[in-house]
Enquirer: 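Just dropping this structure here.
As a basis for the values below, the full set of heavy atoms in this structure was taken, side chains included, without hydrogen atoms, waters or symmetry mates. Order of the sequence lines sets the chain letters (A, B, ...), proteins ahead of strands, with each chain counted from 1.
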Amino acid sequence: MPRPFTPKIVTANDLLIGDVIYQTADDDWTRDLALAEILTDEADAQLRLLHAERQRDRLVGAYLADVTQGPDGPLPAHFREAFRAKGPSNHHHGKQERASHV
Amino acid sequence: MYDYTDFDRAFLAQRNSQFRAQVARRIDGSLSEEEFRPLRLMNGLYLQLHAYMLRVAVPYGTLSATQIRKLGEISQRWDKGYGHFTTRQNMQFNWPALRDVPDILEALASVGLHSVQTSGNTIRNVTADPFAGAAADEIADPRHLAELIRQWSTDHPEFQFLGRKFKIAVTGSPHDRAVIRSNDIGLRVLERDGALGVQVFVGGGLGRTPLVAQEIRDFLPLDDLLPYLESILTVYNRLGRRDNKWKARIKILVHEHGIDRIRDLVEQEFPQRRATYAPDIVTRQLELVAARFARPDLKSAPIDAFTRAYDADPVFRSWSDTNLAAHRDPDHAIVTISLKAHGATPGDVSADQMNLLADLAERYAHGELRVSPEQNVILPHVHKSDLPALHAALKPAGLATANIGLASDIVACPGMDYCTLATARSIPVAQQIATRVEELKLEHDIGALKIRISGCINACGHHHVGHIGILGLDRAGVENYQITLGGDGTEDTAIGARTGPGFAHEQIVPAIERLIHAYLDLRRDPEEPFLQTLRRLGADPFKAALYPQTAIAAE
């Protein structure tokens, strides 16, 4: 039996600001993980990643990150993604100080 | 302070205008990220976890009051009102926007600062003893050599595409405060038969494969310095591995070929290199460089004010006992200002603090500051009569913590709070240990104890040379911290040995606390420092304290 596919999101850093962004289902980018598009099919995930990688004047370093499905959207599966989604622990900077809009 | 020439200023202006155009081309899409990345790295611009990060070189750790004031201004105007000092004496800004970076570089250039070669596979910012020019035990000011090496290595065409980054550190004292034997090349100034020279070490480094640099030359005349460095770099460039990033540093080359073979190859190369330099030219250049370092005109005054405050004020006395070091002039002191207030981020300094440090450096310290590899700031020349006023001015700014060299004076890399390479956080671990140490009110009783924390195997937090080293790893998706014991970053450089299984994030502070209590129980007397007790007894009694369950099971 094939291993079940772990749901993914496409994430990257914004070219101009450098902050963490997530791809949405309507082909835009959000700074709010809860609004990211959850990809449950491996082939679809690869296509969405390729689509992101073509946007070289918008973002840097797109990749697929594992998530779990939460009640209000995707939740990070790994602590690294949790820190990216929140901001540093020593200063109230990054996403924790910013409203979520693009 | 070194006084930059018109040549330096023109070079920086040209370099910055080049980078401004490169940034514009990246933003308008004419450069891809693959094309832009090496260009931005050559100018110290990284992309980290939450934002870009600009690493500013602080050459050999020396800053003027004007420069630190400018760093504060930059942090307020283009960043988030603070900067972070690293273990290589650099300052990092964690939040610049790409479009602002050319303006930041221009502001830096206005005070002779830059980000050139703070990244990439080049010769990096040369580090030096932070007490340079002031230390009582100094033979010669190592910054003269460091500045000459900076001038020689900046944009050196032969060394822009090395197999890997290359780090050089210099000390002018027998006591090593610059961690020289953990660098690719370490230089120690010596005097022999009335002439100055350097003892040369090669092949040191921390990271995945920690190795202590070995002596390649016991005494190199100063006039041979640059051709000899070129010979080492040529051998490295020719033979160093480029097939595997993890085996590309010169330490691996030295390790694989042996120091004797590397020495032979360097000596074979040396005559040709030497022939390209006119006799005495390096010596003459060094003299020119030295002449541009203004020696402060030290004042002569009674030190009664210091003695009175020392006798009357226990807080001042405690600070004096831990944060002052011997100056070459007995009426002066070298003041280390702790950036490790209990619970603070090691190495972080706010814009307000930078402004205050600039004012105090001007008022009390001939306008000079230093950054230490231990992430503190140093005022190298303070007359003892000014110390009470200086201490009083530092206190309200949170800069008067009396903990230099103690358990809460922790070195930590940015870890996973900022760094893309990190596998775990380091900053909160440092904050929690320092807070706990303060709660226990034991650190002055514990005495000298160097705790070093890295958030990944690259070891920017120098954990291998910590008396207690902590390495944060990702074990199956959970932060896990390994402990090493017995490391030493001084002239007796030693790499710490791993104690055993790692600890979860919430277990690491109690584990360190058990180590501290074990030391207090095991030491021969209060005069025996942690490292000495460890060397006397070995690691076993400390391991028993770290892993009580295992110890019980074994009984």
Enquirer: Pick out which of Leu16(A), Asp14(A), Leu15(A) makes a side chain to side chain contact (heavy atoms under 4.5 Å, CB included) with Arg58(A).
Expert: Asp14(A)
Enquirer: I'd like to check the side chain to side chain donor-acceptor pair (under 3.5 Å) partners of Gln507(B); sequence neighbours left out, ordered by chain and number.
Expert: none
Enquirer: Side chain, backbone, both or neither: which part of Pro96(B) has a heavy atom under 4.5 Å from chain A?
Expert: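 Backbone only.
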Enquirer: Non-hydrogen atoms of chain A under 4.5 Å away: do they reach the side chain of Arg37(B), the backbone, both or neither?
Expert: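 For Arg37(B), there is no contact with chain A at all, as no heavy atom is under 4.5 Å.
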Enquirer: What I want to check is whether the side chains of Asp26(A) and Thr24(A) have a donor and an acceptor closer together than 3.5 Å.
Expert: yes
Enquirer: Between chain A and each of Ile427(B), Asp28(B), Ile27(B), Asp474(B), count heavy-atom pairs under 4.5 Å; write down the option with the most.
Expert: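 Option with the top pair count is Asp474(B).
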Enquirer: Do any of residues 66-84 of chain A have a heavy atom less than 4.5 Å from a heavy atom of chain B, and if so, which, in residue order?
Expert: His78(A), Phe79(A), Arg80(A), Phe83(A), Arg84(A)
Enquirer: Between Gly343(B), Ser32(B), Ala97(B), which shows the greatest number of heavy-atom pairs under 4.5 Å with chain A?
Expert: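 Highest number of heavy-atom pairs under 4.5 Å: Ser32(B).
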Enquirer: Check each atom of Glu479(B) against the heavy atoms of chain A and say whether the ones under 4.5 Å are side chain, backbone, both or neither.
Expert: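 Contact with chain A is through both the backbone and side chain of Glu479(B).
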Enquirer: Which atoms of Tyr82(B) come close to chain A, meaning under 4.5 Å heavy atom to heavy atom: side chain ones, backbone ones, both, or neither?
Expert: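 The side chain, not the backbone.
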Enquirer: Assess, by modelled atom type and distance only, whether the side chains of Asn43(B) and His114(B) contain a donor and an acceptor separated by less than 3.5 Å.
Expert: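 Their side chains do not contain a donor-acceptor pair, so the 3.5 Å distance test is not met.
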Enquirer: Under a 4.0 Å N-O cut-off, is there an ion pair linking Arg20(B) with Glu106(B)?
Expert: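 Yes.
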Enquirer: With side chain to side chain donor-acceptor pair (under 3.5 Å) as the test, would you mind laying out the steps for Tyr22(A) and Asp28(A) before giving the verdict?
Expert: CA-CA 8 Å; Tyr22(A) 306 100; Asp28(A) 202 349; over 6 Å; no
Enquirer: Which bit of Leu49(B) is near chain A, if near means a heavy-atom gap under 4.5 Å: side chain, backbone, both or neither?
Expert: both
Enquirer: Looking only at side chains, do Thr435(B) and Gln432(B) share a donor and an acceptor under 3.5 Å apart?
Expert: no
Enquirer: Under a 4.5 Å heavy-atom cut-off, does chain A meet the side chain of Val23(B), its backbone, both or neither?
Expert: neither
Enquirer: Below 4.5 Å from any heavy atom of chain A, which atoms of Tyr418(B) appear? Answer side chain, backbone, both or neither.
Expert: side chain
Enquirer: So which of Thr423(B), Ile453(B), Ile457(B) actually passes side chain to side chain contact (heavy atoms under 4.5 Å, CB included) with Leu471(B)?
Expert: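 Exactly one pass, corresponding to Ile457(B).
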Enquirer: Is the terminal nitrogen or CZ of Lys8(A) (NZ for Lys, CZ for Arg) located under 6.0 angstrom from the six-membered ring centre of Phe5(A) and within 45° of that ring's axis?
Expert: yes
Enquirer: Between the side chains of Thr401(B) and Asn403(B), is a donor N or O closer than 3.5 angstrom to an acceptor N or O?
Expert: no
